[in-house]
Amino acid sequence: MSKSSVGGERDQQSKSAVPVAVEPNFTPENQVFWHGTEEGRFVAEGCRSCGLKYFPATGVCRRCGSREVEPRDVVGRGVVYAYTVNHQPWMEGMSDPFGLALVTFPDDDGIRLLGWVAPEDAATIAIGDVVHLRFVPSSNGVAIPAVRHIR
Amino acid sequence: MSIAKVEEHAVLSGLGQSEVGRRLNRSSLQLTIDAIQAAVSDAGLEMMDIDGIATFPGPIGDYVPGFAGPPVYTVQDALGIRAKWVMSSFEGPSPIAPVLNAILAVAGGQCRHAVVFRTLTESSAQGTGGRGGIAKADGQFEWLLPFGAVSGANWAALYASRYLYEFGASRSDLGWIATTTRTHASRNPSAVFRSPLTMEDYLSARPISTPLCLFDCDVPVDGSVAIVVSEATAAQELRNPVTVEAMGAGVMSRPRWELWDDLTTMGAHDAAEQMWSRTDLRPQDVDVAQLYDGFSVYVLYWLEAMKLCDRGQAAEFVRGGKNISADGQLPLNTAGGQLSAGRLHGWGHLAEGMRQVRNEAGPTQIANVRVSCIGVGGGIMCAALLLSARSAADR
């Protein structure tokens, strides 16, 4: 892939409704992810010993047990592995149906991340689609991953 | 020293259930006491015989309103129980995990008669405002809630989407589960929904989180169930003990809903595999199946996990409803399950499985039941139990 399908911009111009969600529970390990989303990057963790890239960051390689690990961006293409369109307003402000796409990154050791899909795109996403990940400000005060087709 | 098989050293001796219904507006402690007193009496015991107590989940702070019942110490103190073994835990193999733990505790000699309970007041606590999302994004929910997947319905829907995609199942296949178990609920006087549900009703219901609609989701209730687990050597003192043929748990994939390797399987598959590895009984010996239906789609997973169907064949198995009906080859959720009888969080399944093998299910009794399998939980938190009417001498 010559063009990264992750990030690229912190999307402030989106006409879509602000995604409504629960505030993250910040931990020493997940701060790097949430800092990354503010910059439009999907930050996972990589092992300097065996090379595995994995998510979420834990400070220890889940394959070889090495503590020699570091933040590493996920940059490859994303493929939708599972998908749902939510219709139920569980929280105030969830009136428009929105999508939830579980995205796999096959070029990044199969890392998976859930992403929000804007109401206007919700009907267009399907399992198997190659998608683009960007980051949008949400009601919970942080930038969260949002999924749409590569345009 | 090792115990060859703990299940041989413990029996399920007592079962009690409080009133179950919508917005009962009774305290969770009072419902719990109703269930425990009934369970102890049903076992043929007195409260002073009880020397162990456990529950799921215990105090868990800010979560879904009405989800947690009373703290275990509050109940212990109210009933004057002098306990040699006490526990509660939110993490572990499903809401019936403390029953599995009680079997271990009794078999290991920590106590002789343990009472285990699960109490919910979700209906009263949620009032008329409808269901909300989960409030705290930690643990297994850390990477779901902040992205907008705030309900278990969303997580189940992601699983369902993958299952339907891989195996070509359809919404009407899920509909056969909802409509057939509604028919079973019509025979259960304590079920919440007893009037018939047609496939047309099902297919025209409003979507919740695609492909799941309103009738794919269980109904919150108030209620409490208690079980007494006793040492097998106490059988002479007990009214009608039930044999635990085998139990199973396990989380062999990544313990997060969204990171589980293969979303066409759940923890159910690990739990059931361990269960079958611990018994000489086989899937064809199962007379009735009580399989968790917090969302209808879980039944497809449990049917395959329990090896009651081949992989990818569960939708075909439930299609038409014949196989899973009360007079079919595998009566399913004979009291109506959570979809129609109410969300007792797996404990309704456990209670009905126990009643069936005791031949005490009354209007929902299936003829000649010797073995019932019980699968509880969705996603990563699952447990499997195989109960029978065999006495210890028969096996």
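Note on naming: letters A, B, ... go to the chains in the order of the sequence lines (proteins, then strands), and numbering restarts at 1 for each one.
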| query | Quick one: what part of A:Leu113 sits under 4.5 Å from any heavy atom of chain B, side chain, backbone, both or neither? | reply | side chain
| remark: Of all heavy-atom pairs linking B:Gly148 and A:Leu100, the shortest is C-CD2, 3.9 Å
| remark: Looking only at heavy atoms, the pair that brings A:Pro24 and B:Ala137 closest together is CA-CB, 4.3 Å
| remark: Honestly, the part of A:Val85 sitting under 4.5 Å from a heavy atom of chain B is both
| message | Can you tell me which of B:Leu212, B:Leu145, B:Leu144 forms the most heavy-atom pairs within a distance under 4.5 Å of chain A? | response | B:Leu145
| message | Looking at B:Met199, I want to see if its CE is surrounded by more than 12 non-hydrogen atoms of other residues, nucleotides or ligands under 6.0 Å. | response | yes
| field | Minimum heavy-atom distance between A:Ile144 and B:Pro146, given as atom pair plus value | value | CG2-O, 3.2 Å
Please tabulate the donor-acceptor pairs under 3.5 angstrom that span chain B and chain A, backbone and side chains included.
residue	atom	partner	partner atom	Å
B:Glu142	OE2	A:Asn30	ND2	2.7
B:Leu145	O	A:Val22	N	3.2
B:Pro146	O	A:Asn140	ND2	3.0
B:Asn154	ND2	A:Asn86	OD1	2.9
B:Ser161	OG	A:Tyr83	N	2.9
B:Ser161	OG	A:Tyr83	O	3.3
B:Arg162	NH1	A:Tyr81	O	2.9
B:Arg206	NH1	A:Gln88	OE1	2.7
B:Ile208	O	A:His87	N	2.8
B:Ile208	O	A:Gln88	N	3.3
B:Ser209	OG	A:Thr84	OG1	2.7
B:Thr210	N	A:Thr84	OG1	3.2
B:Thr210	N	A:Val85	O	2.9
B:Thr210	O	A:Thr84	OG1	2.5
B:Thr210	OG1	A:Val85	N	2.8
B:Arg254	NH1	A:Phe55	O	3.4
B:Arg254	NH2	A:Phe55	O	2.9
B:Glu258	O	A:Arg112	NH1	2.9
B:Trp260	O	A:Arg112	NH1	2.6
B:Trp260	O	A:Arg112	NH2	3.4
B:Asp261	O	A:Arg112	NH2	2.6
B:Leu263	N	A:Tyr81	OH	2.9

| said: Test of understanding: with side-chain contact (heavy atoms from CB on, under 4.5 Å), list the residues that count as partners of B:Leu164, not counting sequence neighbours. | reply: B:Ala169, B:Pro211
| request: Might you point out which heavy atoms bring B:Leu259 and A:Phe55 nearest each other, and give the distance in Å? | output: CD1-O, 3.8 Å
| Is it the side chain or the backbone of A:Pro56 that comes within 4.5 Å of chain B heavy atoms, both, or neither? | both
